[in-house]
Amino acid sequence: MEQQNVFASRSLCVIEDFSIEERLYLFEQVKILKRAMENQDAATLEQYRIDDKDFGIYEVFLEDSTRTKESFRNAANFHHAKVSELNSDSSSFNKGESYADTFYTLSGYANTIFIVRSKLEGVCRWLEDTCANYAKRNKLYRKPAFINAGDGKHEHPTQELLDEFTFLEDNNWSCDSVHLALVGDLFHGRTVHSKADGLKIFKHVKVDLIAPVELAMPEAYVQRMQENGYEVRLFESIEQYLQQSDVADKWYFTRPQLERMGDRILQRQAELRRSITFRKEFMDTLKAGTKFYHPLPRHKVTPTIPTFLDETPFNGWERQSINGMYVRIVLLALLAGRIGSEFQPAKLAMKPEEEDYIQEVDLSCQQLREKVISEGVQPIHDGLVIDHICKGDCPSEIRDHMRLISSVLGLDEAKGGEWVSTGHKDGTLYKGIIFRPGLYELSRKHLKRLSAVAPGCTLNLIKGGKVVNKYRLHLPPRIYNFEDLGCTNEACISHPDQSEGVPARFYRTNDNRFACAYCGKKHTFKEIWKSRKK
Ligand code: CP
């Protein structure tokens with residue numbers, strides 16, 4: 001039986017889309033290709049070449065770029081493929097066309113790999129899904145693959161690949177440990193955000209974050225690094241960093257994007273730039289073998305790595321940039337299925353087991369207990385009672401959330417009410433109860449909706465004075481298929497203000513929050529519902 005190429009037609013939307021094992025395989029291939037390029041070894045290079053003038057690679061850059069765009073273009077030319085570029089200044093984006101319609105059109109013209117840069121976060125994940133459906137309904141030969149060439153402040157996974165390759169090159173190919181200082185605009189920089197998961201290729205990771213508070217790494221990424229087991233330290237300036245002795249041997253600088261930050265910050269720009277700019281006087285404090293990296297561009301007037309460093313052994317950024325084309329040649333060869341068929345993952349990714357988060361209680365086993373009627377709540381003859389809402393929260397929060405639940409379930413116009421009480425067993429924990437007299441039938445979709453908006457609650461359906469159905473509802477593994485939900489990140493493709501018609505999708509994280517499937521923003525279950533479209 002022919003072995004399946006696990007890389008063919010895959011998308012790379014975030015760095016985690018390729019497992020550690022897959023990335024290490026890719027780096028092995030880049031090593032071989034780079035050597036072949038340097039030695040002009042035509043026979044080896046031929047093994048990597050797609051060599052198909054009809055293989056469509058399309059660049060769609062809706063933000064400026066030199067390195068990513070041109071290294072991909074040169075990589076695609078290496079492959080003797082059909083290389084196209086959408087001119088965003090004169091495209092029908094300017095007539096209000098959606099991303100989906102634009103990429104459907106381009107997919108229909110025999111294009112297989114799209115390289116997309118946009119300020120909208122999560123755009124490639126959306127296009128990967130929706131264009132797969134388009135390819136199916138139009139019987140296209142292949143489903144298109146998407147490569148994220150930088151999406152807003154979110155991720156830049158191909159930059160991460162070339163950074164990791166360069167770090168390994170300078171680490172004698174050892175994955176044992178890395179000590180990296182990230183310096184500069186850690187708030188806006190998507191290249192440093194990709195490091196939160198990217199650096200997992202190393203067994204021991206120490207990251208020093210050097211940025212003034214105005215440009216500090218967002219808390220969500222710091223938290224992710226810590227969850228991934230990295231040792232993380234924070235400093236406000238290079239000067240402060242060098243006052244202690246445990247200094248990294250790899251420094252990764254990023255460009256301050258102060259222009260995005262309003263007048264108050266601009267007034268302080270000289271001071272902020274100084275805190276993250278390397279100076280001659282610091283040179284003696286560095287360890288032998290220290291390397292500096294930068295995704296580039298650096299600013300010609302205010303570079304954080306000044307040009308006096310170009311001719312020193314600290315210069316790692318030029319080789320880093322050159323590696324970009326090699327990494328991208330190999331990435332295109334993998335997604336095209338030209339190489340990679342001999343790669344076998346050590347363990348196949350397991351499909352998560354379906355969770356029973358809606359549990360119907362077997363009422364035949366339940367002993368009838370005399371109900372203690374407390375605080376004015378009377379049993380209802382027919383209707384529904386949702387109990388144990390937001391158990392443990394304070395009464396005002398519970399009331400707010402009950403109003404939301406009532407609205408989400410469409411119960412606002414019905415008889416009944418909301419109540420805040422304490423449990424019989426624990427008189428100190430508050431909980432909410434919603435009761436609605438009347439005849440109710442609830443569908444599976446209603447139960448899913450209730451699980452997503454009131455996890456931990458119990459739903460009782462009452463007919464003729466008896467509980468006929470009782471459900472315990474737990475936190476669902478995913479929240480999706482609700483038209484009124486949207487991600488709260490305004491830069492996300494699924495935010496309602498983007499008007500892209502992208503249905504929100506969230507998946508539960510290890511800390512029982514919900515990450516947007518497109519931009520990764522984490523929400524509590526309450527936050528998801530607060531931003532819902534009415
Ligand atoms: N590193 C990087 O993304 O550079 P460009 O913006 O020039 O593509």
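Read the numbers this way: they start at 1 and go in the same order the structure lists the ligands and their atoms.
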field: Pi-cation contact, Phe61 with Arg117 (under 6.0 Å, within 45°)
entry: no
query: With distance as the sole criterion, is a donor-acceptor pair present between the side chains of Arg255 and Thr304 under 3.5 Å?
result: no
- line: The protein residues that pass the under-4.0 Å heavy-atom test against ligand 1 are Ser65, Thr66, Arg67, Thr68, Arg117, His156, Gln159, Pro295, Leu296
query: Taking the six-membered ring of Tyr252 as reference, does the NZ or CZ atom of Lys195 fall below 6.0 Å from its centre and within a 45° cone about the axis?
result: yes
field: Backbone of Phe282 reached by a side-chain donor or acceptor of Thr285 within 3.5 Å
entry: yes
message: Determine whether Asp51 and Arg338 satisfy the following criterion, salt bridge (charged side-chain N to carboxylate O under 4.0 Å, His left out), listing intermediate values before the conclusion.
response: CA-CA 9 Å; Asp51 208 11; Arg338 176 72 179 96; over 6 Å; no
- prompt: Are side-chain heavy atoms of Phe187 and Pro218 found at a separation under 4.5 Å?
  reply: yes
